[in-house]
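In what follows, a structure is listed as structure tokens, so that the remarks can point back to it.
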Amino acid sequence: MTIPDDEKIVPPKKQLIYKFLLLCALLMGYFVYLSIQYDLMTGGLASLLTWTFFVLCTPVADAGLLLDFPLRLLFGVRMIISEIAVWALAILINIVSLIYFEEFYETTKLTTLLHMVLTTPYPYWSLVLLSGVGTFLSIRFADELMDVFHHRDRGFFHRNSYMHEIVIIVFFILIFIGYYELVASLGIDVER
């Protein structure tokens, strides 16, 4: 069956660009909202701190996916490399913010929560640690899937009978359980 010219399918790279632009528009909308709500500097810093919350305090590469997946598909940069850069940037933003702009953490509920996590080493730094391990495991798994998708390193999967992936998935489930318990201890209603 042939597809008529007027019903052409958007190529995957264009779909990726559209989704990336949509995510960027969402971030810009959030920045504009906070800038109108407060002022330009407060809106900018609160937006950056919110982004760093999703990088440092969630066990999947959600905020990093703004860069990781597009860079992998468009330029072939391994997601693990770009995620290391994302984490380094998020940590740097928070170090500078904690030293010079600590009052901006009081802007939103997420930034207030981020401040509490960053300034309470025990037990909340373990939330960042679990998030880091979960994020880098998910990125490694995604990189391996992309390699298989592009028919590279297929021999690795055949030699190991997917045992490597099963171990990663089990470890990832344990990370989510620990993460859930830590988030619940923060007093956040995780059921909603």
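Just so it is clear, the structure is predicted and the values come from calculations on it, not from any experiment. One-based numbering along the sequence shown.
- Residues V128 and W87 have side chains in contact (heavy-atom distance under 4.5 Å, counting atoms from C-beta outward).
- A search for side chain to side chain donor-acceptor pair (under 3.5 Å) contacts involving T120 returns nothing, not counting sequence neighbours.
- L114 and Y38 fall into different hydrophobic clusters, defined by Ile, Leu, Val, Met, Phe, Trp and Tyr side-chain heavy atoms under 4.5 Å apart, directly or through other members.
- Hydrophobic cluster membership is shared by L49 and M116, with clusters built from Ile, Leu, Val, Met, Phe, Trp and Tyr side chains linked at under 4.5 angstrom.
- Judged purely by atom type and a 3.5 angstrom limit, T135 has no side-chain atom pairing as donor or acceptor with the backbone of G132.
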Return all side-chain donor-acceptor pairs below 3.5 angstrom for residues 95-103, not counting sequence neighbours, or 'none' if the list is empty.
| residue | atom | partner | partner atom | Å |
| --- | --- | --- | --- | --- |
| S97 | OG | I93 | O | 2.8 |
| E102 | OE2 | H115 | NE2 | 2.6 |

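- Other cluster members for M28: F31, V32, I36, L40, joined by side-chain heavy-atom distances under 4.5 Å among Ile, Leu, Val, Met, Phe, Trp and Tyr.
- With contacts defined as side-chain heavy-atom distances shorter than 4.5 Å, the pair V133/P59 does not qualify.
- In this view, L130 and I175, L182 satisfy the side-chain contact (heavy atoms from CB on, under 4.5 Å) rule, not counting sequence neighbours.
- Legend: side chain to side chain donor-acceptor pair (under 3.5 Å) pairs involving residues 24-37, not counting sequence neighbours, sorted by first then second residue: Y30-T50.
- Both I81 and L92 sit in one connected hydrophobic cluster of ILVMFWY residues. Membership requires side-chain heavy atoms under 4.5 Å apart, directly or through other members.
- Residues satisfying the side-chain contact (heavy atoms from CB on, under 4.5 Å) test with L26, not counting sequence neighbours, are none.
- Rounding to the nearest 0.5 Å places CG of D39 at 9.5 Å from CG of L45.
- Each of T111, T42, L48 was checked for a side-chain contact (heavy atoms from CB on, under 4.5 Å) with F104, and the lone residue meeting it is T42.
- Note: L89 CG to N94 CG = 10.0 Å, rounded to the nearest 0.5 Å.
- Counting heavy atoms from C-beta on, the side chains of T108 and L34 come closer than 4.5 Å.
- Residues satisfying the side chain to side chain donor-acceptor pair (under 3.5 Å) test with T107, not counting sequence neighbours, are none.
- When all heavy atoms of V86 and W51 are compared, the pair lying nearest together is CG1-CZ2, 3.7 Å.
- Exactly one residue among L113, L118, T112, T119 makes a side-chain contact (heavy atoms from CB on, under 4.5 Å) with Y105. That residue is L118.
- Within the 4.5 Å cutoff, no side-chain heavy atoms of L27 are placed close to those of S47.
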